[in-house]
Amino acid sequence: MRLADLQSYFVSAVQRPRTLTGDPDAVAKAKTIATGNDRVPPVGQLDIYREQFWLRHVGSLDEDYPTLRHLLGQSGFHDLCVAYLEAHPSRSFLLRDLGDKMADFVASVAPYEGDPLLEDCARTEWAFIEAFDAADAPRFDPSVLASIDDDAWPLVTIAFPPALRRLALRYPAHDFRTSVRKGEDPPRPPRRDAWVVVFRDDLVRYIDVDAASFALLGELAAGAPLGAACERVAEAAGGEDALQAALPGWFETWTRYGWIAELRLPG
Amino acid sequence: MGFRERHSIPDLGVGVGCRTKHYPVIFGEHPAMDWFEIISENFMVDGGKPLSNLEQLVASYRVVPHGVSMSIGTTAPLDRGYLARLKALLVRIRPPWCSDHLCWTGVAGNDVHDLLPLPHTEEAIAHVAQRIRAVQDTLETPFAIENVSSYVAFQDSAMPEWEFVARIAEAADCGILLDCNNIYVSSRNHGFDPEAYIDGVPADRVVQIHLAGHTDKGTYLLDTHSDHVCDAVWQLYRRAIRRTGAVSTLIEWDEDIPEFDVLAAEAALARATREDTLGIDREHARPVAPPRERSAGS
């Protein structure tokens, strides 16, 4: 058998969720590939790799998405992993990337799509994974803020650290995650909108922000100059005056937590 | 001139695998340890704690990267993105060699994250050897392949595993990371003579030896790295170093990871075994290059 054909079949065999030993076609095919021995038949030799595949992959997703396991129970979570991995086999050499499509999956595939808490939990877990090993950003010098002329501020654009993640949640999945990861047994949280920023200083952390501040961060992250961004979020902030009053406090928070990587002025 | 000598591969002594569980001890107490092996992929990331921890580790210890995802034996094209990231890691830590497994981990676009064995065929030898040559050209660091544990024997295999490993290493002109536990596990699973394996590997190409524990699953042994090194593997280790002389040795422990002092004690046992074995049989010990001088800050 050509090496390419052997590898192609081997991969398809080990990704089957149920044992190969009960499938006559798999048993026959295995005899053409593996020798077996007096203790393990040919199909059993392939099945060892199949078992390890599922242990490793479900284990990895379990490590990354304990909130989903908590909500679905062990058996339900296993079913989710099987469905997810069948739809999204790993395309990365890093197991770290295995769950990168989990949030979109639970948001769009039955029976999971009817529960927005699952999506919120998956997005929150993934934000923490991404923030953990995102590229480092240079330390921002807050004294730069004082050096910017008043009339230049509307033209300022802001670069944020690669580790910064914004989460608009319908449930407090971030607090739920903390509780689950502490080994507690939290009940399903009640619905409550939350705007959360996940960031990294020495550790990956998060804080709740208000909706207007969250919206402004989003506009700025998309590349809008500060003036244009403020115009777009003024209504959500309660009007222009309220926004102007809130801005210094927001900037103080952003600089304190290291959310600003760089301020840029045109030219 | 043998591979180790040509590439000035040092004998680093006996080290252990660096695992996050032990960071508080390693960074807080700076225990004596000859060297650490890291899993390359854990540090092939963009930033954050993994890289700052690595910087701290490299500042205090000799560090050698060991990969699990190169998939040198796959029929899919070489993953150039993977090699670029690995190269960046090598530039960062400047190790005396690097290694990965003589295996494949998936096919194009479908990685099963396992160390899958290859059939011992002429096709596989030619395929893998030319890929290793390409990898070495890219990495510009001596590269070693590790024999894996296996649970399947292929109908197509036309030679014993040690001949397969030796032929590839010769054709690719690469080093060998000889895993004595993997030899033992596979010998039990497939019924071959592990001593013949040790004797069949070109000794001058062995740049490193792995020692680990495994799990008896009843009808087969599983390479779990979850226990002490067993007596039979210690015997193979002694046989191996009588042939190779003093080469860098590493204790792996990846499941049910014990406290650091247990791991350090296992390393001390390996060190004593090495000294005893080479002391009583020095005529077979071949000289190896002395450890490289460490550059400032490395």
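The sequence lines fix the lettering, A, B, ..., with proteins before strands; numbering per chain opens at 1. Bear in mind the structure is a predicted one, so any value in this text is a computation, not a measurement.
- Note on A:R91 versus B:D111: no salt bridge recorded, every NZ/NE/NH1/NH2 to OD/OE distance being 4.0 Å or above.
- With contacts defined as side-chain heavy-atom distances shorter than 4.5 Å, the pair A:L3/B:P119 qualifies.
- Listed by chain and residue number, B:W162, B:F192 satisfy the ring pair (Phe, Tyr, Trp, His ring centres under 6.0 Å) test with B:Y197 (two or more places apart in sequence, or in another chain).
- Residues A:R56 and B:D114 come closest through the heavy atom pair NH2-CB, 3.2 Å.
- Residues A:I48 and B:Y220 are in side-chain contact: their nearest non-hydrogen atoms beyond the backbone lie under 4.5 Å apart.
- Side-chain contact between B:F154 and A:T35 is absent, with no heavy atoms from C-beta onward closer than 4.5 Å.
- Remark: A:E86 CD is packed, more than 12 non-hydrogen atoms of other residues, nucleotides or ligands lying under 6.0 Å away.
- Counting heavy-atom pairs under 4.5 Å between each of A:A137, A:P89, A:A34 and chain B puts A:A34 at the top.
- Side chains of A:T32 and B:Q155 form no contact here, defined as non-hydrogen atoms less than 4.5 Å apart.
- Counting heavy-atom neighbours within 6.0 Å of A:R166 CZ, excluding the residue itself, gives a total above 12.
- Residues passing the ring pair (Phe, Tyr, Trp, His ring centres under 6.0 Å) test with B:H127: none are found, sequence neighbours excluded.
- Of the listed residues A:M1, A:Q45, A:R200, the one with more heavy-atom pairs under 4.5 angstrom with chain B than any other is A:Q45.
- Ranked by heavy-atom pairs shorter than 4.5 Å toward chain B, the options A:V40, A:I33, A:L6 are led by A:I33.
- Contact of B:L51 with chain A is not made at all, since no heavy-atom distance falls under 4.5 Å.
- No other option in B:N189, B:V45, B:L118, B:N110 has as many heavy-atom pairs under 4.5 Å with chain A as B:N110.
- Heavy-atom pairs under 4.5 Å with chain A were tallied for B:G191, B:A124, B:G109; the largest tally goes to B:G109.
- At a heavy-atom separation below 4.5 angstrom, chain B is approached by A:F93, A:L94, A:L95 within residues 93-104 of chain A.
- Residue-environment remark: CD (A:E262) exceeds the threshold of 12 foreign heavy atoms within 6.0 Å.
- Of the residues listed (A:D202, A:D133, A:D201, A:D136), the one engaging B:K49 in a salt bridge (Lys or Arg N to Asp or Glu O under 4.0 Å) is A:D202, and it is the only one.
- Contact of B:S150 with chain A is made through backbone and side chain together, with heavy-atom distances under 4.5 Å.
- In this structure, B:R188 and A:R39 approach most closely via the heavy-atom pair O-NH2, 3.3 Å.
- When the shell of 6.0 Å around CZ of A:R256 is examined, it contains more than 12 heavy atoms from other residues, nucleotides or ligands.
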Please walk me through it: do B:Y82 and A:S92 pass side-chain contact (heavy atoms from CB on, under 4.5 Å)?
CA-CA 9 Å; B:Y82 175 91; A:S92 167; over 6 Å; no

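- Contacts with chain B (heavy atom to heavy atom, under 4.5 Å) involve these residues of residues 11-30 of chain A, listed by number: A:V11, A:V14, A:Q15.
- Counting non-hydrogen atoms of other residues, nucleotides and ligands closer than 6.0 Å to NZ of B:K217 gives a total of 12 or fewer.
- Residue contact with chain B, scored on non-hydrogen atoms closer than 4.5 Å, is absent for A:S60.
- Contact of A:Q52 with chain B is made through the side chain alone, with heavy-atom distances under 4.5 Å.
- When heavy atoms are compared at a cutoff of 4.5 Å, B:E123 approaches chain A solely by way of its side chain, counted from C-beta outward.
- Neither the backbone nor the side chain of B:S157 comes within less than 4.5 Å of any heavy atom in chain A.
- Only the side chain of B:D79 comes within contact range of chain A, with heavy atoms under 4.5 Å apart.
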side-chain contact (heavy atoms from CB on, under 4.5 Å) for A:F10 and B:V152? Distances and angles first, verdict last.
CA-CA 11 Å; A:F10 204 103; B:V152 62; 4.3 Å; yes

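- Using a 30° and 60° split on the angle between ring planes, A:Y49 and B:Y151 fall in the tilted class, from 30° to 60°.
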